Amino acid sequence: MARTERLTHAWFARPAPIVARELIGCALVHGDRTGMIVEVEAYLGPHDKASHARFGATPRTSVMFGPAGRSYVYLCYGIHEMFNIVTGDEGHGEAVLIRAVAPLSGLGDDPRIGRGPGKVTRALGIDRSHDRRDLARGELYVAAHEVPPKLGIGPRIGVDYAGAWARRRLRFWWRDHPAVTKP
DNA sequence: GTTCCGATGCTT
DNA sequence: AGCATCGGAACG
């Protein structure tokens, strides 16, 4: 699989579920650390009761309402940094959460190193200082894949408070991949 | 194998 | 008060 093609603003400026599905198998690159994306979740606009966009554009979430292809990194449970990519048309408030990566280079060879959204950022050295970055330039970016993986689709994790929106099938993963989260 | 719980700090 | 989590302890 060639992984040299950096994904562009236009690539990310499509509906979150489409981008999410196509991100599986792509490479997430931060400097000399690279992981293959094997699990993601799509978060829609303010109408999505599981999304951080549900309160509209706040100081934390305003980046979600900006142009696609920017990072949205926030602190979860006081401990874990979460890495998202803004998608869709400007103003929509969409993003895709990267939930798991498999080591490709610079991460060692334990498939559990990037299994879980908090572990993705720890493995790749991403924190809130990487919030609002333009992934179309700089050392943090995503590179395309050539071969689509076997795709799993199901409900998002950890959003039970969102009622019916928790049951929407907006989580995508590489089926049977050892770096995908268990539950 | 399962369930429970504390850590830890930012957000509304 | 609640949270887009994790790792360890306790239990069976």
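These numbers come from a predicted model, not from an experiment. So you know, we letter chains A, B, ... as the sequences are listed, proteins then strands, and number each from 1.
Nucleotide B/dT8: unpaired (no Watson-Crick or G-U wobble partner with both distances less than 3.5 Å). The pairing partner recorded for C/dA4 is none, the criterion being a Watson-Crick or G-U wobble arrangement whose two distances lie under 3.5 angstrom.
Note on A/Ala50: a base of the nucleic acid sits closer than 4.0 angstrom, heavy atoms only. Heavy atoms of A/Arg60 sit under 4.0 angstrom from primed sugar atoms or phosphate atoms, though from no base atom. Using a 4.0 Å heavy-atom distance criterion, A/Arg112 is classed as making no nucleic acid contact.
A donor and an acceptor atom sit less than 3.5 Å apart, one in the side chain of A/Tyr74 and one in the base of C/dA4.
In terms of phosphate contacts, A/Arg122 brings a side-chain nitrogen or oxygen within less than 4.0 Å of OP1 or OP2 of C/dG7. Regarding contacts with the backbone of C/dA4, a side-chain N or O of A/Tyr161 is found under 4.0 angstrom from either OP1 or OP2. The shortest distance between the side-chain N/O atoms of A/Arg99 and the OP1/OP2 oxygens of C/dT5 is below 4.0 Å. Between A/His80 and C/dC6 there is no side-chain polar atom (N or O) within less than 4.0 angstrom of OP1 or OP2.
Residues A/Thr61 and A/Tyr72 form a side-chain contact, since some pair of their non-hydrogen atoms from C-beta on lies under 4.5 Å apart.
No cation-pi contact links A/Arg167 to A/Trp165, judged by a cut-off of 6.0 Å to the six-membered ring centre and 45° from its axis. Relative to the ring axis of A/Trp173, A/Arg175 does not place its NZ or CZ within 45° and under 6.0 Å from the centre.
Side-chain proximity of A/Thr58 to B/dT12, C/dA4, C/dG7: nearest is B/dT12. The side chain of A/Leu75 approaches B/dG9 more closely than any other nucleotide in the set C/dT5, B/dG9, C/dA4. When distances run from any side-chain atom of A/Ile79 to the nucleotides C/dA4, B/dT8, B/dT12, the shortest one goes to B/dT8. The nucleotide whose nearest atom lies closest to any side-chain atom of A/Lys119 is, among C/dC6, B/dC10, C/dA4, C/dC6.
Per the stacking criterion (ring centres < 5.5 Å, plane angle < 30°), A/Tyr43 stacks onto the base of C/dA4.
Judged purely by distance below 3.5 Å, without hydrogens or angles, the side chains of A/His30 and A/Arg33 never pair a donor atom with an acceptor atom. Using a 3.5 Å distance cut-off with no hydrogens or angles, the side chains of A/Arg132 and A/Ser62 do pair a donor with an acceptor.
Residue A/Leu97 contributes atom CG, which lies 14 Å from atom C1' of C/dC3 at whole-angstrom precision.
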